[in-house]
Amino acid sequence: MKPVLWLVAAAFAGSAHAQGRAIALDQVRSGSTFLSKDLREMQQDDLANPAMLWAENGAKLWREPAGRDGRSCASCHQDAETSMRGVATRYPRVDSASGILLNLEARINRCRTEHMAAAPLRYESNELLSLTVHVARQSRGMPLEVAIGGPARAHFEAGRAYYYQRHGQMNLSCAHCHEANWNKRLYSEAITQGQPNAYPAYRLEWQTLGSLQRRLRACLSGIRAEMLPYGSPEYHDLELFLAWRAQGLPVEAPGVRR
Amino acid sequence: MVARVQIPQQAKRGEVIEVRIVIQHSMETGFRHDDVGRLIKRNVINVLSCRYNGAEVFRADLSSGIAANPYLQFYTVADSSGEFEFSWVDDEGARGSERRSIAVSG
């Protein structure tokens, strides 16, 4: 009896997410609401939040010339405090010039190669994390709102397909934890909705700041699936789907997570 | 090494003030191994001290048990205008320091 019920439930869940949101907009919860009070306070306290070390470094790098032409981010964008305000709420986004879907990290690297004649920064390098967090934090408190129409549509659909696709030896999709079982526990850990609004985030497990892709890789490793290389288009598509799923959640970057 | 310090810019004489500092450091424990099984040498900030107008008001001996990017907080009494000077050194001899001034009135 029981397995049959599960199958029926799965079939219903399947049709629900094919049309709309598996987690209704008024049910969307940031990962910080699953944290202890101490960690939430740590995230909100700009001195105790260790990620602010990277943010400060990012503010410095923003003005540092790089590449052949000796230009810095500030040469074009002036003060990030004004020019980058709200930008993180719109990413990932399709670059109109190239038609490629870019997340913030990829956007920064594209700026470096296209406009600064500088080498792209390595994923998870301190420099790229610092700059990303410097850009992202200018949108702190602003609601996520990504475009999924037009050129982004195909990426969005690919991201959604990846999300609901079973992966790895455990044969789990993202939805098995983050839609069917959120607010339950996996041993001592709360299962969250897997919302991306705090990244780049300082994870206590990592003892350092990490990107959303690093977090996605940690999930893939947890379900014993193949980890794709950093910067893979699959991650970008998935990040777009995740951002759409989190629509309306305030940007918390840089967050603190367990 | 990036460090961030927070002290009040102004205080009344005799006031108890909060001093906070966070330092970017991996605080390598000495218990971890790399990908090929070699032990990673311990490298932690082993001492941090804070001088207030030249006199030491706080000192901490840190070791392997302290998490990366250590955060320290303590209290002291504001008795005269001047400068807080933090300095620290890790096992490899790398040094760091930070200064903050405070104006004390009354």
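The figures here come from the full heavy-atom set of this structure, side chains too, leaving out hydrogens, waters and symmetry mates. Labels below follow one simple rule: chain letters A, B, ... track the order of the sequence lines, proteins then strands, and each chain is numbered from 1.
- Residues of residues 73-100 of chain B never come closer than 4.5 Å to chain A when only heavy atoms are counted.
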Which pairs of donor and acceptor atoms, one on a side chain in residues 135-143 of chain A, lie under 3.5 Å apart (sequence neighbours left out)?
| from | atom 1 | to | atom 2 | distance (Å) |
| --- | --- | --- | --- | --- |
| A:Q138 | NE2 | A:H134 | O | 2.9 |
| A:S139 | OG | A:G86 | N | 3.1 |
| A:S139 | OG | A:V87 | N | 3.4 |
| A:S139 | OG | A:A88 | N | 3.2 |
| A:R140 | NE | A:E252 | O | 3.4 |
| A:R140 | NE | A:A253 | O | 3.3 |
| A:R140 | NH1 | A:D46 | OD1 | 3.1 |
| A:R140 | NH2 | A:Q43 | O | 3.2 |
| A:R140 | NH2 | A:P254 | O | 3.4 |

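- No more than 12 heavy atoms of other residues, nucleotides or ligands shown are found within 6.0 angstrom of CZ on A:R85.
- The distance from the CG atom of A:D45 to the OH atom of B:Y71 is 6.0 Å, given to the nearest 0.5 Å.
- The line from CZ of B:R4 to CE of A:M52 is 5.5 Å long, rounded to the nearest 0.5 Å.
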Inset, instruction - For the pair B:N69 and A:W54, evaluate side chain to side chain contact (heavy atoms under 4.5 Å, CB included) and give the outcome as yes or no after the intermediate values. - result: CA-CA 11 Å; B:N69 309 306; A:W54 280 262; 3.7 Å; yes
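- Residue A:Q207 touches chain B through both its backbone and its side chain, counting heavy-atom pairs closer than 4.5 Å.
- Of all residues in residues 45-68 of chain B, those placing a non-hydrogen atom less than 4.5 angstrom from a non-hydrogen atom of chain A are B:A67, B:A68.
- Residues of residues 7-43 of chain B having a heavy atom under 4.5 Å from any heavy atom of chain A, listed by number: B:R20, B:I21, B:V22, B:I23, B:Q24.
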